[in-house]
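All chains are named by letter (A, B, ...) in the order of the sequence lines, taking the proteins before the strands, and each is independently numbered beginning at 1.
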Amino acid sequence: MAEDNFEPKIVAFLCNWCTYTGADLAGTSRLQYPPNVRIIRLMCSGSVDPTYVLKPLLDGADGVLIGGCHPGDCHYQSGNYKARRRIIALKEILKSAGYDDDRVWLRWISASEGGRFAETVTQMTEAMREKGPNPMRRKWAV
Amino acid sequence: MAQKPRIGVYICHCGTNIAATVDVKQVAEFAATLPGVVVARDYLYMCSDPGQGLIQRDIEEQELTRVVVASCSPRMHEPTFRGAGRQGGLNPYLVEMANIREQCSWVHSDRGQATEKAKWLVASVVAKSALLKPLEEREVDVTPGAVVVGGGIAGMTAALDVADAGFPVYLVEQSGRLGGRMADLNRTFPTLESVAKLMGPLIERVQTHSNITVLLNSQVTGVEGFVGNFEVTVSGEIPNLQVGAIIIATGYDIFDPHRKPELGYGQYPNVITSLEMEQRLAAKDLTGSGKAIKSVAFIQCVGSRDAQVGNEYCSRVCCMYTAKQSLQVKELLPDADVTVFYIDVRTFGKGAEEFYDEARATGVRYRRGNISEVIRHNGRVALIGEDTLLGRPFDFEADLVVLAVGMESRADAGDLSNLLKLARSSDGFFMELHPKLRPVDTAVDGVFLAGCCQGPKDIIDTVAQAKAAASSALIPLLRGVVPVISETALVDEEWCAGCGMCVDVCPFGSASLDPLWGVSRINAVLCKGCGACATACPSKAIRLQHFTTEQIMAQVDALVG
């Protein structure tokens, strides 16, 4: 399935307080990771609407990463729990529609876990490269 | 029909931090081709005065209605560039940043790939910026006054400073007296002052200060609100306290040496803790029974630097208080043999090393060794251990063994942490916002840390930190107003069906249903801007300003389109 020279495109929605700051820490620590991830800053993972995840997948992204605070650490108390339930449901729907739900990753990465952020991006890029281009692309028609 | 936005894009070199990895000229040329962009420049340091001046001039001359700065993290310089926009006459919320340093040039080394990624990131933020709306900058009045939790040296010091500045202070102390753990001590190091003499006048001043209300036998049981306007519930018959700031000075627990049973504490009467030693030194009776003492042994790092008990940190005070106690023993019993068994001696701080030298000069012996066991031996006790300089096992007889117990985070620290949403580091102590630059702030605006609740420290550092916490707490109190976020959720009443989902999901109680109109109302002062309601709203009648679905989708389009 994997094509030669295929470089996956990954869109990441990161919460401002934990994972976005963790990604900043990866930067200040000069940790190197693949350039395939493109970050959109949100205030909270609990504000990730299912459409935020579906739209990039249908438009041609090969994976979507959602990064939030560890359970119990949400800046807004419970946003990450909301994200968790929402993403579990969304993945079920993707599966039942015959799509690969493993193109959507939800990860808890704290502001102090720059290393974990770099590792996550590296792993996800590798995993998406393995999977090859997203077949959902261009199946989008209204 | 809204006017077409006129966007200015500024690519920062950040010296060579960005420019060495990203071809900034190429990114600027690319940015100039994006829809709505009327000017795109690159500059050595956008955050410098000339850099900001560039933005201000372009706003005026090019009639910019949006500014995008591609540089470091917005967590670093968003306030700077929003300020530059404001100076240039632009609503600060029409300035947006693309993070091409922390999330691009610093994490990639291939110039081609990094430049490519920087272009995408800029395109994404430019697309969002076109849809930005001006937001009103808001401030709310601050309730003058502070709650200080904990009546030890940290809490009393902080309370006095805030009270001296003219604000009412409620000092909430769990026990029945002021003074905290410091009151259990006999003399200070390295100055050998009497703690009672230091503490007496301090307690007196706190108790008689016209601005301080001391609440003994009291506990904080609830905290509502936000910086500038907290409502603190305290146990007992006291009405809720309305204050603008909170200082946490709850101190520490002392390591319980029962957790190291091999050291014989609780088994042998002549094994005591350093705190019990303080009392004996104060009474000038080391045995507690008048029996003669020939040899005193101190065992260092009991409960500190010990992964087995879960405390990997140094408690920072034990080396110095042992030096002090050993000197006091020598004073009392000049002929007694005093030996300190240590891992490393850490006597940092003003006058500390000199004090340690003095202790050794009076004949206190320091022996580098791990004590594995303390056993009873001929009515005395014997220490079994290894001399880690000689690499040899030894045993050592003593009449009195003092365990230099360390500090731990309070067992009840979790309660306060839950009430205030305060983060704790892995050692259990409350976490400061930044270890170097924001040492007394917490992630909760308006809540500050003083003393050992943040980590082990001596009285000198505790007082310094308490004064720092007081002066930080005074910033909102003296200013009288605090800024509140403008990026709040907004209800479109035309679309709202009044289902109440937003009321259910809001963790801050800011959403409620208007009983008359049957639509949701969001209290913008209480709203923290998390966006949970906007996402939960089934009819999409709520939008989180500055992070609207429309704006996010524009970013997605630009990234993957």
Side-chain angles (χ1 to χ4, degrees), chain A residues 7 9-17 20-21 23-52 55-62 64 72-79 82-83 86 110-112 114 117-118 121 137, chain B residues 72-76 97 99 101-110 112-118 120-121 123-125 128 418 421 423 425-426 431 443-444 485 487 489 505-508 528-537 540 544 546-547 549 551-553 555-561:
Chain A
E7 282 301 331
K9 213 185 273 182
I10 298 164
V11 175
F13 296 98
L14 307 185
C15 87
N16 180 56
W17 305 98
Y20 191 91
T21 312
D24 277 355
L25 180 62
T28 44
S29 318
R30 308 299 199 278
L31 303 174
Q32 301 292 300
Y33 56 79
N36 305 56
V37 66
R38 290 153 199 187
I39 294 166
I40 294 177
R41 177 188 181 213
L42 298 176
M43 294 314 281
C44 180
S45 61
S47 73
V48 173
D49 193 284
T51 57
Y52 295 6
K55 164 100 167 146
L57 287 177
L58 294 166
D59 280 356
D62 300 295
V64 173
D73 285 350
C74 177
H75 186 77
Y76 306 104
Q77 298 180 17
S78 55
K82 290 170 182 135
R86 206 167 271 141
S110 80
S112 60
F117 179 77
V121 171
R137 190 176 184 177
Chain B
C72 52
S73 172
R75 295 188 55 90
M76 177 100 183
M97 288 179 74
N99 185 341
R101 191 180 74 174
E102 280 85 344
Q103 297 177 4
C104 190
S105 73
W106 277 353
V107 289
H108 309 312
S109 41
D110 182 287
Q113 288 180 338
T115 303
E116 211 46 40
K117 179 171 167 181
W120 286 107
L121 293 176
S124 157
V125 173
K128 178 183 180 182
N418 288 338
K421 312 280 170 265
S425 39
S426 57
M431 194 148 73
V444 186
I485 55 151
E487 301 97 322
V505 298
C506 179
F508 308 104
K528 302 263 186 236
C530 70
C533 55
T535 307
C537 178
K540 297 292 156 217
L544 177 62
H546 211 72
F547 293 92
T549 299
Q551 290 161 358
I552 305 293
M553 287 304 168
Q555 284 198 270
V556 169
D557 272 340
L559 283 182
V560 295

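- The greatest number of non-hydrogen atom pairs below 4.5 Å with chain B, out of Thr51(A), Leu25(A), Val11(A), Asn36(A), is found for Thr51(A).
- Interatomic distance, Asp59(A) CG to Leu559(B) CG, rounded to the nearest 0.5 Å: 11.0 Å.
- Contacts between Arg86(A) and chain B at a heavy-atom distance below 4.5 Å involve the side chain alone, from C-beta outward.
- With Arg101(B) contributing its side chain and Gly27(A) its backbone, the two residues share no donor-acceptor pair below 3.5 Å.
- In terms of modelled atom types and a separation under 3.5 Å, the side chain of Lys117(B) and the main chain of Val37(A) share a donor-acceptor contact.
- When all heavy atoms of Tyr20(A) and Pro74(B) are compared, the pair lying nearest together is OH-CD, 3.2 Å.
- Taking CD of Gln77(A) as the start and CZ of Phe508(B) as the end, the distance is 5.0 Å to the nearest 0.5 Å.
- Among all heavy-atom pairs drawn from Val505(B) and Lys82(A), the shortest one is O-NZ, 2.7 Å.
- Within the 4.5 angstrom heavy-atom criterion, atoms from both the backbone and the side chain of Ala536(B) approach chain A.
- Looking at heavy atoms from C-beta onward, Arg38(A) lies out of side-chain contact with Ser124(B) at the 4.5 angstrom threshold.
- Nearest heavy-atom pair, Cys530(B) versus Ser47(A), reported as atom, atom and distance to 0.1 Å: O-CB, 3.4 Å.
- Atoms CG and SG, on Asp49(A) and Cys537(B) in that order, are 10.5 Å from each other to the nearest 0.5 Å.
- Of the two parts of Leu31(A), only the backbone, made up of N, CA, C and O, holds a non-hydrogen atom closer than 4.5 Å to a non-hydrogen atom of chain B.
- What you find for Gln113(B) and Pro35(A) is that their closest heavy atoms are OE1-CG, 3.5 Å.
- The shortest distance between side-chain heavy atoms of Gln103(B) and Asp24(A) falls below 4.5 Å.
- Heavy-atom pairs under 4.5 Å with chain A were tallied for Asn418(B), Leu544(B), Asn99(B); the largest tally goes to Asn99(B).
- Ser112(A) has its side chain out of reach of Met431(B): every pair of non-hydrogen atoms, C-beta onward, lies at least 4.5 Å apart.
- Of the listed residues (Thr535(B), Ile552(B), Val125(B), Thr549(B)), the one with the most heavy-atom contacts under 4.5 Å to chain A is Thr535(B).
- Side-chain contact check for Lys55(A) versus Val560(B): every heavy-atom pair is 4.5 Å or farther apart.
- Val556(B) is not listed as a side-chain neighbour of Tyr52(A), based on a closest heavy-atom distance of 4.5 Å or more.
- Looking only at distances, no side-chain donor or acceptor of His108(B) sits under 3.5 Å from a matching main-chain atom of Gln32(A).
- For a residue to count as touching a neighbouring chain, one of its non-hydrogen atoms must lie under 4.5 Å from one of that chain's; by this rule Asp73(A) does not touch chain B.
- Here the CG atom belonging to Asn16(A) is positioned 9.5 Å from the CD atom belonging to Glu487(B), to the nearest 0.5 angstrom.
- Between the CE atom of Met43(A) and the NZ atom of Lys528(B) there is a distance of 11.5 Å, given to the nearest 0.5 Å.
- Looking at Phe117(A), neither its backbone nor its side chain comes within 4.5 Å of chain B, counting heavy atoms on both sides.
- Between chain B and the residues Lys9(A), His75(A), Arg41(A), the most heavy-atom pairs under 4.5 angstrom are made by Arg41(A).
- Closest of all the heavy-atom pairs between Ile39(A) and Leu121(B) is N-CD2, 4.0 Å.
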